[in-house]
4 protein chains.
Amino acid sequence: MATARRIGGENSATRERILEATEQLIREQGYASASTRRVAAHAGLKPSLVHYYFPTTDDLLVAVSKRGAKESDRMIEEALKSDRPLRALWEFFSDTSRTRLVLEFMAMANHRDAVRKHMAEHSEEMRQRQAEILEKLIGTKFSLPDGCPPAGLSVLLAGIGRVLIMEGGLGVTGGHEEAREFVERWLDMLEPADVEKAES
Amino acid sequence: MATARRIGGENSATRERILEATEQLIREQGYASASTRRVAAHAGLKPSLVHYYFPTTDDLLVAVSKRGAKESDRMIEEALKSDRPLRALWEFFSDTSRTRLVLEFMAMANHRDAVRKHMAEHSEEMRQRQAEILEKLIGTKFSLPDGCPPAGLSVLLAGIGRVLIMEGGLGVTGGHEEAREFVERWLDMLEPADVEKAES
Amino acid sequence: MATARRIGGENSATRERILEATEQLIREQGYASASTRRVAAHAGLKPSLVHYYFPTTDDLLVAVSKRGAKESDRMIEEALKSDRPLRALWEFFSDTSRTRLVLEFMAMANHRDAVRKHMAEHSEEMRQRQAEILEKLIGTKFSLPDGCPPAGLSVLLAGIGRVLIMEGGLGVTGGHEEAREFVERWLDMLEPADVEKAES
Amino acid sequence: MATARRIGGENSATRERILEATEQLIREQGYASASTRRVAAHAGLKPSLVHYYFPTTDDLLVAVSKRGAKESDRMIEEALKSDRPLRALWEFFSDTSRTRLVLEFMAMANHRDAVRKHMAEHSEEMRQRQAEILEKLIGTKFSLPDGCPPAGLSVLLAGIGRVLIMEGGLGVTGGHEEAREFVERWLDMLEPADVEKAES
DNA sequence: AATGAATGAGATTTCATTCAT
DNA sequence: CATGAATGAAATCTCATTCAT
C-alpha cells in the first residue's frame, strides 16, 4: 500500500524539483495556485511529467504535505533538544515560512480529503510528541505555574503563532507587538533564562 | 429589508440568496469550491444571474466578506456590551461557524487581492475597536494583572480561538480541552464572575 | 428529473447540429471516435459549446441514442402499418445506416452505463411493440406455420439483419446472398405476396 | 508450451499473460478500455513491458484477435467432428464468452484498420470452412429441406447466436426463449437426433 | 430584471509512444 | 529481457466572462 503509488523513485531529482516548486507556489500564491500546469511551468518542466511522478493532484499535494511534515518534525526535535525548549518551540511556531505552508494545507484540507486525512494524523502526532517531551521537562527544567498541561500549552503557542503569521501576511499588525511581548514574558516566567546557569 | 421589494439593488432578496449560498459553500467545502456555477446551482439560480448581481467573482467574494464582517461587528458590539465582555469576546472568538468563514477568507486573501485588501482593513479596524473598548473597561470592570495591553489580548484570544476551530474541523482535538480550560481560568482571573454582584 | 439536464432548449438548431455530427461520426468511425473535440470539429463548432449543450459525454451519447430510438420507432410503426408488415420489418432490420448505429450503441453499452440502461429499455420496448402487432396480424394477414411466436420472430429477423450489416461493414459477404434469399423465401411463405389480392 | 522457457518470443509466458489480460478487459469492459496502461495494470506488469512485447496498440489487439480466432477454429473443428455437427455449431454460436469477444472485435474493426483486416479475413475463412464441411454432410448426415445452402446456414446461426448474446449482455431477454426454441426445433428437423442410430 | 448562447482558457487526467539503459 | 523517464496529443470537464435580447 505504502509503495503502490510511488512512481519514479523516491529520490529522483526531478521529483524533488516538482515538490519544491509546488511548495513554493503554495506558500507564495495560495493552494489554489498549485495546478499541474503552473507547477510544471514554475519548475521548468512539462505538465505531463508532473503527472508521471504524481498521477493525481492529491498525490502531489499529499506528498508536499508529508515533506513539510517531515521538516516540521525535524524542527521540533531540534527545538525540544535545545537549552530552552519552550523558547525554541515558540520560535518554531512563529516561523513564518513553515507556518504559512501549514495554514495553506489546513485550508486545503477542507475540500481535499486525502490532505485532510494526512494533516489530521500528523497534527495529532505532533501534539502528542510535544506533550510527551514537555511533560518530561516539567519539574526539571521549568514549571507551569499557571497550571496549563503540556498538550494545552502546545495548543496555545500554535494558535498565537499562527494568528501572527496569518495576519502578518495580510499586512495587519495591530496588537502583534504587544502579544509577542506578552508571550515572551510569559515564557520567561515558565522557563527562566537562568535555567542555564542552574544547569551548569 | 424595509425596501425589500426593490430588486437588483443592494437589498434584493435574490442578491441575499446568492450571498447566503456562497457563504454556505465556502464554509462547507472551502473557498476553492465557490465558483459562479456552483454558487448558482446551490442557490437554485442560473449562473448568469449570479453575474448579473456580481459582475466578477471578486465582487461576489468581497461582498460575502463584507457581509461576514458586518455580522462580526454586530457580534462584537454585543459582546462588549455584555456583563462580562472578556468572556463574551472569547465566546465570539470560539464561535465555530463565524471563525470557519474568517479562516477561509484569510486563505483566499493569499491570491485574491481585492479580498486581501478588505480583510486587512476590517481586521485592523476590529482590533482597534476591541482595544478601545477593552481599554475603557480596564480599572473598572477588570484588570490585566499579567500586563498584556488590550490590543495584545485581542490577538491572543483570536489566535487561540482560531486554532481550536481550525484543528477541530480536521478532527484533531489533542490538548484542546486543556487549552480551553486554561483560557477560561485565566479569563476568570482577569474578569471575576462576582463582578456582576459588584455592579448591582 | 427529465428536464433537469436540459440546457439550451430542446429545439435549438445548434443542439441538432451537434447530435447530427455525433451520429455521423459514430456511424462512420465507431463510437470511440465520438469525443468532444472531434464532434465539435465535425460540426464546425467549438468544443466548449458541445459541453454547453451536453454537460457530460454520457449526456451527449444518450441523447444521440434517444434520437436514434425515436427514428427507429417511427420506422417500425410505418413498417407495421404497411401491406406486408413482415417484409417491411425485415427491410427495417436490414437497413444499413440504422443498424450500423444500433450496433455501435450496443458496443458502447459495455462500458457506458447510461447508454446501456437506455439501450436495454428501448430494445425491450421495441421487441414488445413488435410482438404485439405481429400477434394481431397472425391469423388475419399471415400465419406462422413453423410455429415461431411473434417475439421470437422479431429476435430472428433482428439477428440475421444485424449479422449481414456487421459483416458487410467488414467486407465479408460469404453466404450473405444465400441467407438473404432464404429469409425472403421464408417470409414469402409466412406472408404471401397475394395477400394483397385477398384484401381487395 | 513445449518451448515455454524461451521468453520473449511467440511463446513467452509474459506475452501470454498480456494477451489474457487484454482479452479479459475487452470482454468485461469493452474494447475502449483496453489501453496499454490498463492492460499492464490488469496483468500486474509495467506499461513499458506491454510495449516491449507489442510495439503498437494495433499489434496487441491484432494478436488478441488472432488468439481468439485460433480458439474459434479449434472450437469449430471440434463441433464439426461431433455426432450432431449442426447442433454443435449452434452451441458454438451461442457460446457467450467467445461471442462477446467477437462482437467487441467487430466494433473495434470500425476504427482500427489492422483489426478490420484480420477480422475480415478470418470471418471469410471461417464461413468457407463451415460451408465446406456442412456441404459434405448434406445428404449423409442431414438435409436442408428448406433449401438454405450451407454458407447461408452459417450466416443464419451466427446472426441469431449473436443477437442473443448481444441483448443478453444488455439484460434484454424478450423473445429469446421463443427464438432459441424455434432454432432448436428447426435444427432437430434438419439433423434429427436419431441420426445417431441410423449411423451405428 | 433576467437569461440563453457562446467562448477562450485552463485544470485534470489518460494515452501511445520513444529512448536510453 | 525489462524498466524508468519523458513527452506531445488529446479527452473530459469547469471556469469566468461577454454579449444580445
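Letters A, B, ... mirror the listed sequences (proteins, then strands); counts begin at 1.
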[N] [atom2] sits how many Å from [X] [atom1], rounded?
| X | N | atom1 | atom2 | result |
| --- | --- | --- | --- | --- |
| B:L49 | E:dA2 | CG | P | 6 Å |
| D:H111 | F:dA11 | NE2 | P | 12 Å |
| A:R15 | F:dA5 | CZ | P | 10 Å |
| C:I18 | E:dT7 | CD1 | P | 11 Å |
| A:Y31 | E:dA11 | OH | C1' | 15 Å |

- prompt: Can you give one letter per nucleotide of nucleotides 15-21 of chain E, 5' to 3': B if a protein heavy atom sits under 4.0 Å from the base, S if only from the sugar-phosphate, - if neither?
  reply: BSB----
Is the backbone of [Y] close enough, under 3.5 Å, to the side chain of [X] for a donor and an acceptor to pair up by distance?
| X | Y | result |
| --- | --- | --- |
| B:N110 | B:A107 | no |
| A:R116 | A:H111 | no |
| D:E104 | D:Y31 | yes |

- prompt: Taking the six-membered ring for Trp, are the ring centroids of A:F105 and A:H122 within less than 6.0 Å of each other?
  reply: no
message: Let's go through C:H42 and C:V39 carefully: what are the C-alpha distance in whole Å and the side-chain angles of both, what is the deciding distance for side-chain contact (heavy atoms from CB on, under 4.5 Å) to 0.1 Å, and is it a yes or a no?
response: CA-CA 5 Å; C:H42 197 254; C:V39 164; 5.8 Å; no
Phosphate-side-chain proximity, [X] and [N], N/O vs OP1/OP2 below 4.0 Å:
| X | N | result |
| --- | --- | --- |
| A:Y52 | F:dA5 | yes |
| D:K46 | F:dA2 | no |
| D:Y53 | F:dA2 | yes |
| D:T14 | F:dC1 | no |

message: I need the single residue from A:I18, A:L19, A:T14 that forms a side chain to side chain contact (heavy atoms under 4.5 Å, CB included) with A:E16. Which is it?
response: A:L19
query: Taking C:E23 as the fixed residue, which of C:R100, C:R98, C:R67 is the one that meets the salt bridge (Lys or Arg N to Asp or Glu O under 4.0 Å) rule?
result: C:R67
- request: Starting at the 5' end of DNA chain E, write a dot or bracket for each base, bracketing those in Watson-Crick or G-U wobble pairs whose two distances are under 3.5 Å and using | for partners on another strand.
  value: .||||||||||||||||||||
query: Run the side-chain contact (heavy atoms from CB on, under 4.5 Å) check on B:L61 and B:T57 step by step: do they pass?
result: CA-CA 6 Å; B:L61 294 174; B:T57 306; 3.9 Å; yes
message: Show, in sequence, the C-alpha distance, side-chain angles and deciding distance for A:V115 and A:H118, and conclude whether the side-chain contact (heavy atoms from CB on, under 4.5 Å) test is met.
response: CA-CA 5 Å; A:V115 169; A:H118 176 254; 6.0 Å; no
